[in-house]
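Everything below concerns the one structure shown next.
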Protein chains: 2
Amino acid sequence: MELIAERGYRRTSLAAVAERAGLTQQGLLHHFPTKELLLIGVLEARDRWDAAAAAAGTWRTGTLAQLVDYNATRPGVVQTYTVLSADSVTEDHPAREFFETRFRAVREALAGALRAEFGDTLPGGLTPERAAPLLVAVMDGLQLQWLLDPENVDMPAAFRDFLTLLGSVAGQDDEPAEGPGQETAEEPGAGTG
Amino acid sequence: MELIAERGYRRTSLAAVAERAGLTQQGLLHHFPTKELLLIGVLEARDRWDAAAAAAGTWRTGTLAQLVDYNATRPGVVQTYTVLSADSVTEDHPAREFFETRFRAVREALAGALRAEFGDTLPGGLTPERAAPLLVAVMDGLQLQWLLDPENVDMPAAFRDFLTLLGSVAGQDDEPAEGPGQETAEEPGAGTG
DNA sequence: GTCTATAATAAGATAGAC
DNA sequence: GTCTATCTTATTATAGAC
């Protein structure tokens with residue numbers, strides 16, 4: 001995960017991963033026979049690590065704001081997710097199905113969360129199902145801008161601005177816009193994951 | 001551009017570009033001495049091609065909605081932009097400065113457009129400067145979801161939903177949500193470009 | 001389970017002829 | 001301006017010893 005965050009999947013060599021892990025390339029290939037299987041192993045590991053965050057039934061917009069706060073303290077993890085998810089749209093990418101499935105699940109989970117918090121109708125006459133992809137898009141899009149220019153893009157504040165547009169009060173009273181991050185909360189998760 | 005759209009920058013070989021262009025790898029290297037300079041040439045070419053769209057003084061939210069319509073008819077171009085912009089956040093990427101500068105310019109241009117259309121105050125008490133990164137984020141984030149799952153993500157409709165949240169009327173009367181695209185309008189431009 | 005050794009390939013780049 | 005030929009390096013993957 002560290003190396004993919006730094007260099008992206010394609011530029012990350014098995015030799016580099018092996019070195020960081022403290023064994024040889026061939027030792028690494030004993031556990032993951034191909035580079036592709038290693039990538040899938042990484043994604044599955046992050047999924048397991050994100051198990052708590054994936055308990056979507058308990059998500060609220062305030063939870064999401066805290067997740068964005070947390071992400072703002074972990075640029076490496078955010079970069080992993082951003083680079084890998086975009087890379088996955090290319091032909092025959094081993095992670096394509098993973099992200100396709102994941103985005104669908106996240107949209108559904110967030111739609112459920114929005115419905116639980118706001119009911120069937122949101123500002124502008126939107127349904128939770130129509131607002132969910134926007135919520136996901138804002139999280140991912142802000143991450144890209146923030147990774148490129150953290151000095152000029154206040155990701156947590158911008159996300160709360162969007163929640164304000166959605167009609168949530170979490171944007172105003174939930175957390176200071178540019179707080180110290182959730183240093184205490186050890187909840188993981190990057191991007192919409 | 002075509003090949004980068006299909007495979008991403010790193011997976012695109014000089015030999016493949018040369019073949020598509022109808023010359024040998026060495027003939028290509030005569031015009032672009034390194035692969036990095038070729039990438040910069042591609043980005044500059046797209047900038048020139050986007051010159052019309054970059055006349056930001058004339059942008060309005062309706063224009064942006066039409067741009068999203070157009071993008072929905074050109075998955076290859078959108079993919080180029082999505083893959084490349086995300087890839088650019090990795091260490092020492094040759095296009096990093098290009099995208100950093102470009103995102104900053106686009107945010108400023110869109111802030112100006114929002115101010116021209118809505119004045120200094122938007123819904124939720126947002127300023128144009130605070131809404132602009134959200135607008136960019138929604139465009140980019142929707143592109144990623146749409147590229148991964150075009151059957152389930154109606155990018156133009158979702159973008160108009162966001163415009164509705166921003167208080168624009170363009171979302172209702174400007175264009176059918178899932179139109180045939182702007183086949184006549186030859187205006188180019190992918191992503192926030 | 002980890003190692004050394006070694007394929008087998010593919011890539012970016014250079015030299016020099018025409 | 002384009003070509004053939006070649007260099008150099010990096011990468012994924014395999015074979016087989018310990």
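The chains referred to below are lettered A, B, ... by the order of the sequence lines, with proteins before strands, and numbering in each begins at 1.
- A straight line from CZ of B/R10 to C1' of C/dA11 spans 14 Å, rounded to a whole angstrom.
- Between B/H31 and A/Q26, the residue anchored nearer the 5' end of DNA chain D, judged by the nucleotide with its closest heavy atom, is B/H31.
- Within the 4.0 angstrom heavy-atom criterion, only backbone atoms of the sugar-phosphate kind lie near B/L23; the bases stay farther away.
- Between D/dC3, C/dC3, D/dT12, one nucleotide has an atom nearer to the side chain of A/T24 than all others, and that is C/dC3.
- The nearest whole Å value for the distance from the CG atom in B/L37 to the P atom in C/dA13 is 9 Å.
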May I have the step-by-step check of side chain to side chain contact (heavy atoms under 4.5 Å, CB included) for A/E129 and A/R115, ending in yes or no?
-> CA-CA 9 Å; A/E129 279 70 26; A/R115 171 163 283 113; 2.9 Å; yes
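- Of all heavy-atom pairs between A/Q143 and A/T82, the closest is OE1-OG1, 3.7 Å.
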So B/V153 and B/L148, side chain to side chain contact (heavy atoms under 4.5 Å, CB included) or not? Walk me through it.
-> CA-CA 9 Å; B/V153 178; B/L148 281 170; over 6 Å; no
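- C/dT14 atom P lies 16 Å from atom CZ of B/F32, rounded to whole Å.
- Rounded to whole Å, the distance from CZ on B/R11 to C1' on D/dT11 is 15 Å.
- Expressed to the nearest 0.5 Å, how far CG of A/L144 lies from CE of A/M155 amounts to 11.0 Å.
- The CG-P distance, from A/L14 to D/dA13, rounds to 6 Å in whole Å.
- With rounding to whole Å, B/H30 atom NE2 is found 5 Å from D/dG1 atom P.
- Protein atom CD of B/Q25 is 14 Å distant from nucleotide atom P of C/dA15, rounded to whole Å.
- Counting non-hydrogen atoms under 4.0 angstrom, B/L29 reaches a base of the nucleic acid.
- Following rounding to the nearest Å, A/L38 (CG) and D/dT12 (C1') show an atom-to-atom distance of 12 Å.
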